[in-house]
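Report on the following structure.
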Amino acid sequence: SQTIHQWPATLVQPVGSPLSLECTVEGTSNPNLYWYRQAAGRGLQLLFYSVGIGQISSEVPQNLSASRPQDRQFILSSKKLLLSDSGFYLCAWGSGGAEETQYFGPGTRLLVL
Amino acid sequence: QKEVEQNSGPLSVPEGAIASLNCTYSDRGSQSFFWYRQYSGKSPELIMFIYSNGDKEDGRFTAQLNKASQYVSLLIRDSQPSDSATYLCALDTGRRALTFGSGTRLQVQP
């Protein structure tokens, strides 16, 4: 069966510091991978998605970036965090196709102070 | 107009009752519809998906889709306190990723 991991689970970072969040998927090949952010009490906002190694599409221009160095690894980064970057970051995977279903990892809760 | 609209709640139902959660959407091109359950502090968990008009049942859960009226609903029969969570409606508009509503908070009273 497929499993999706995210780490760290929680993170407290000062404004202006760098960020690296990692997501890995097991039990599937060539998944579509997604980064979402959920602000407190709000819906999920898509940040990035990837259909393959090195292929990244950005949905929201901001100070975040994403990379996919391996088939089942997706990384979210920032060079300088802003207060507004605080939130719950969720990685999801999907098998692709016209009726794709997405499954979420456990998430990383980020607090920028 | 938001792409996906949900009443934020809380929707309060007694244990054993039927909980009815509704979602309306604006994009008529939407093809796939999903319901996720999210417990406080946890990530969303997929509980149902539906692609065709009509009803789809899975255990105590029934998803209903009406594309002509642009709504999708989730019925939870025999509601249990463990069903208390936020329920997120999501749809695939063909733009690769899902579009989510803000969720409806359900409270099941023992």
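Throughout, protein chains are lettered first and strands after them, A, B, ... in sequence-line order, and every chain is numbered starting at 1.
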* Asked: By a 4.5 Å heavy-atom criterion (distance strictly below it), what part of A:Gln38 contacts chain B: side chain, backbone, both, or neither?
  ->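 Contact with chain B is through the side chain of A:Gln38 alone.
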
If hydrophobic clusters are built from ILVMFWY residues whose side chains come within less than 4.5 Å, do [X] and [Y] share one?
{"X": "B:Met48", "Y": "B:Ile76", "answer": "yes"}
{"X": "B:Ile50", "Y": "B:Phe61", "answer": "yes"}
{"X": "A:Leu83", "Y": "A:Leu11", "answer": "yes"}
{"X": "A:Ile56", "Y": "A:Trp93", "answer": "yes"}
{"X": "B:Tyr25", "Y": "B:Leu21", "answer": "yes"}

* Asked: If you take all heavy atoms of B:Phe34 and A:Glu100, which pair is closest and at what distance?
  ->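 Between these two residues, the closest heavy atoms are CZ-O, 3.2 Å.
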
* To do: Search all heavy atoms of A:Leu44 against all heavy atoms of B:Phe100 and return the closest pair with its distance.
  =>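 Distance-wise, the nearest heavy atoms are CB-CD1, 3.8 Å.
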
* Check whether any side-chain heavy atom of B:Tyr36 lies under 4.5 Å from a side-chain heavy atom of A:Gln102, and answer yes or no. =>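 Side chain of B:Tyr36 against side chain of A:Gln102, heavy atoms only: contact under 4.5 Å found.
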
Quick one: pull up [atom1] in [X] and [atom2] in [Y] and give me the separation to the nearest 0.5 Å.
{"X": "A:Leu90", "Y": "B:Gln38", "atom1": "CG", "atom2": "CD", "result": "7.0 Å"}
{"X": "B:Lys42", "Y": "A:Phe88", "atom1": "NZ", "atom2": "CZ", "result": "8.5 Å"}
{"X": "A:Tyr34", "Y": "B:Leu98", "atom1": "OH", "atom2": "CG", "result": "7.0 Å"}

* To do: Under 4.5 Å heavy-atom distance to chain A, tell me which part of B:Gln6 shows up: side chain, backbone, both or neither.
  =>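 No part of it gets close to chain A.
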
* Asked: If you tally heavy-atom pairs under 4.5 Å against chain A, which of B:Thr86, B:Leu46, B:Leu88 wins?
  ->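 With the most close heavy-atom pairs to chain A, the winner is B:Leu46.
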
* Any idea which of B:Ser102, B:Gly101, B:Pro44, B:Ala90 has the most non-hydrogen atom pairs under 4.5 angstrom with chain A? ->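 Ranked by contacts with chain A, first place is B:Pro44.
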
* To do: Spell out the residues in residues 105-113 of chain A that have some non-hydrogen atom less than 4.5 Å away from a non-hydrogen atom of chain B, in order of number; otherwise answer 'none'.
  =>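 Near chain B, by residue number: A:Gly105, A:Pro106, A:Arg109.
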
